[in-house]
Trainee: 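Questions regarding the structure given below will be posed in turn.
In this chain, numbering begins with 1 at the start of the sequence shown.
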Amino acid sequence: MTVRPFLIPTVCALAALAACDEGSSVRISSTREDADAKGVLKVVETLQCPQTMGSLTRKGSASAGGTVCTYVGPKGAEVSLHLVPLDDETPAQILKAFERRLSGHLPRAVEQLAASEAAAARAAASADLAADAADAAAATAERAAEQAASAADRASVRAPGVAIDAHGDDASVSLPGMRIETRGDKASVRIGGFHIDADDSDGSARITGSGGDGENVSINARDDAAEIRASAGGDATRVSWILTDNRPSEAGWRLVGYEARGPVGGPLVVATVRSRDTNRDRAFEDAKDLVTLNAGE
């Protein structure tokens with residue numbers, strides 16, 4: 001059985017998510033009463049905007065009645081801290097507006113990922129058919145074993161809880177809690193609550209899933225672009241969103257994103273980031289600290 005090259009970085013990405021779980025940007029601890037099961041967040045009336053936060057330095061003072069603060073960071077990174085009331089909108093509507101504005105700074109990434117989304121929809125439509133075909137192949141394993149004598153590149157393995165069928169570059173692997181299907185350049189992995197779909201022909205990979213504590217993660221990557229989204233369960237808002245492109249925009253941006261938190265009923269504290277560096281451990285993590293300072297950890 002041939003190990004497809006794209007499976008290694010894709011599975012590693014999933015492992016990295018698990019490894020970073022304890023430091024996840026969407027984990028919240030209690031600070032005041034709230035109905036959310038994971039913890040509570042502060043109701044903010046005016047932003048706290050320190051002169052510095054890690055690598056960030058504030059530009060001027062808070063504006064718009066204490067609802068907006070602007071910072072600069074390494075390599076010209078820009079961070080804006082916003083206090084946004086819900087009024088008649090939902091948190092999802094407010095954050096979608098932030099995404100639209102920020103995405104405009106990386107148009108090529110948006111175009112590339114949109115193509116990946118369309119391809120993923122087509123792949124999803126055929127994924128169930130492929131799974132059914134794999135089940136049928138497993139049910140006829142004995143017949144396949146008889147045919148293996150005339151096909152040197154075919155293999156079938158059966159053990160308690162284990163079923164493996166391979167033919168050239170195509171393979172089906174079923175283990176407790178995990179299922180892997182490969183068909184030429186395409187691979188589908190199901191492990192725990194996570195789904196991984198990868199296509200070596202266009203360099204795309206998608207990871208979606210939910211952790212046992214209600215956190216949801218999705219990653220959509222294709223060639224030079226990637227979009228990462230994480231949110232926590234519960235009624236309060238805890239969302240992290242990042243869009244990256246290894247190719248700089250005309251203005252030099254390579255990463256945009258936001259960190260948002262807010263209790264039920266609002267308001268939301270949202271830190272937006274524009275960076276010329278794809279390393280989120282700098283400006284983005286400092287922006288997250290600004291949100292923590294205001295909304296709670």
Trainee: Nearest 0.5 angstrom please: Asp223 CG to Leu113 CG, how far?
Mentor: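 Taking CG in Asp223 and CG in Leu113, the distance rounds to 9.5 Å.
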Trainee: Check the side chains of Ser55 and Asp286 for a donor-acceptor pair under 3.5 angstrom, ignoring hydrogens and angles.
Mentor: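 On atom types as modelled, these side chains qualify, holding a pair under 3.5 Å.
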Trainee: What's the shortest heavy-atom distance between Val43 and Pro263, and which atoms?
Mentor: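 Scanning both residues completely, I find the closest heavy atoms to be CG2-CG, 3.9 Å.
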Trainee: What's the shortest heavy-atom distance between Leu47 and Leu81, and which atoms?
Mentor: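 In this case the closest contact between Leu47 and Leu81 is CD1-O, 3.5 Å.
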Trainee: Identify the heavy atoms of Val79 and Val273 that sit nearest to each other, and give their distance.
Mentor: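 Scanning both residues, the minimum pair turns out to be CG2-CG2, 4.1 Å.
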Trainee: How far does NZ of Lys59 sit from CG of Leu56, to the nearest 0.5 angstrom?
Mentor: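 That separation rounds to 12.5 Å.
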Trainee: Using 0.5 Å steps for rounding, measure from the SG atom of Cys49 to the CG atom of Leu290.
Mentor: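 Between atom SG of Cys49 and atom CG of Leu290 there are 7.5 Å.
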Trainee: Locate the shortest heavy-atom distance separating Leu243 from Leu106; write the atom from each residue and the value.
Mentor: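 Minimum heavy-atom separation between Leu243 and Leu106: O-CD1, 3.5 Å.
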Trainee: If you take all heavy atoms of Thr46 and Leu83, which pair is closest and at what distance?
Mentor: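 Closest pair (atom of Thr46, atom of Leu83, distance): N-CD2, 4.0 Å.
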Trainee: Does any N or O in the side chain of Gln112 come within less than 3.5 Å of the main-chain N or O of Ala225, such that one atom is a donor and the other an acceptor?
Mentor: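 Checking the backbone N and O of Ala225 against the side chain of Gln112, a donor-acceptor pair under 3.5 Å is found.
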Trainee: Using a 3.5 Å cut-off and no angle test, enumerate the donor-acceptor pairs between side-chain atoms of residues 244-257 and protein atoms at least two apart in sequence or in another chain.
Mentor:
| from | atom 1 | to | atom 2 | distance (Å) |
| --- | --- | --- | --- | --- |
| Asp245 | OD1 | Arg247 | N | 2.9 |
| Asp245 | OD1 | Arg247 | NE | 2.9 |
| Asp245 | OD1 | Arg247 | NH2 | 3.4 |
| Asp245 | OD2 | Ala109 | N | 3.4 |
| Asp245 | OD2 | Arg247 | NH2 | 3.0 |
| Ser249 | OG | Ala251 | N | 3.4 |
| Ser249 | OG | Gly252 | N | 3.4 |
| Ser249 | OG | Trp253 | N | 3.0 |
| Arg254 | NH1 | Asn246 | O | 2.2 |

Trainee: Kindly say whether Arg108 contributes a backbone atom to a donor-acceptor pair with the side chain of Glu111 at under 3.5 angstrom?
Mentor: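 Looks like no, no N/O pair under 3.5 Å.
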Trainee: Do any N or O atoms from the side chain of Asp170 and from the backbone of Ala166 form a donor-acceptor pair under 3.5 angstrom?
Mentor: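 Looks like no, no N/O pair under 3.5 Å.
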Trainee: In the structure I gave you, are the side-chain heavy atoms of Val239 and Arg261 within less than 4.5 Å of one another anywhere?
Mentor: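 A side-chain contact is absent here, since even the closest heavy-atom pair is not under 4.5 Å.
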Trainee: Ignoring hydrogens and angles, write down the donor-acceptor pairs under 3.5 Å from the side chains of residues 64-76, residues two or more places apart or on other chains.
Mentor:
| from | atom 1 | to | atom 2 | distance (Å) |
| --- | --- | --- | --- | --- |
| Thr67 | OG1 | Ala64 | O | 2.6 |
| Tyr71 | OH | Pro50 | O | 2.6 |

Trainee: Under 4.0 Å between a side-chain nitrogen and a carboxylate oxygen: does that hold for Arg229 and Glu99?
Mentor: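 Yes, charged N to carboxylate O under 4.0 Å.
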Trainee: Begin with the C-alpha distance, continue with both residues' side-chain angles, and end with the deciding distance and a verdict on ring-ring contact (aromatic ring centres under 6.0 Å, His included) for His82 and Tyr258.
Mentor: CA-CA 10 Å; His82 303 261; Tyr258 64 72; over 10 Å; no
Trainee: Hey, are Glu181 and Ser188 close enough side-chain-wise for a donor-acceptor pair under 3.5 Å?
Mentor: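 No, no side-chain donor-acceptor contact under 3.5 Å.
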Trainee: Evaluate the side-chain proximity of Ser231 to Trp241: yes if any heavy-atom separation is below 4.5 Å, no if none is.
Mentor: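 A side-chain contact is absent here, since even the closest heavy-atom pair is not under 4.5 Å.
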Trainee: As an exercise, state the distance from CZ of Phe98 to CG of Leu268, rounded to the nearest 0.5 Å.
Mentor: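 So the CZ of Phe98 and the CG of Leu268 are separated by 8.0 Å.
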Trainee: Do Arg58 and Gln51 have side-chain atoms, one donor and one acceptor, less than 3.5 Å apart?
Mentor: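 Distance-only check passes for Arg58 and Gln51.
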Trainee: Report yes if the side chains of Ser172 and Ile164 come closer than 4.5 Å at any heavy-atom pair, otherwise no.
Mentor: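 Ser172 does not reach Ile164 side chain to side chain.
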Trainee: If I take atom CG from residue Leu86 and atom CD from residue Gln93, how far apart are they, to the nearest 0.5 angstrom?
Mentor: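 Going from CG on Leu86 over to CD on Gln93, the span is 10.0 Å.
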Trainee: Would you say the side-chain atoms of Arg274 and Ser80 include a donor-acceptor pair closer than 3.5 Å?
Mentor: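 On atom types as modelled, these side chains do not qualify, holding no pair under 3.5 Å.
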Trainee: Please report the shortest heavy-atom distance between Val270 and Ala260, naming the atom on each side.
Mentor: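 Residues Val270 and Ala260, closest heavy atoms: CG2-CB, 3.9 Å.
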Trainee: Please report the interatomic distance OG(Ser103) to NZ(Lys96), rounded to the nearest 0.5 Å.
Mentor: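 If we round to the nearest 0.5 Å, Ser103:OG and Lys96:NZ are 8.0 Å apart.
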Trainee: For Glu45, look at atom CD and say whether over 12 heavy atoms of other residues, nucleotides or ligands are found less than 6.0 Å away.
Mentor: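 Atom CD in Glu45 is not crowded, with 12 or fewer foreign heavy atoms closer than 6.0 Å.
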Trainee: Is any side-chain N of the basic residue among Lys288 and Glu259 closer than 4.0 Å to the acidic one's carboxylate O?
Mentor: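 Looking at Glu259 together with Lys288, the answer is no, because their closest N to O distance does not fall below 4.0 Å.
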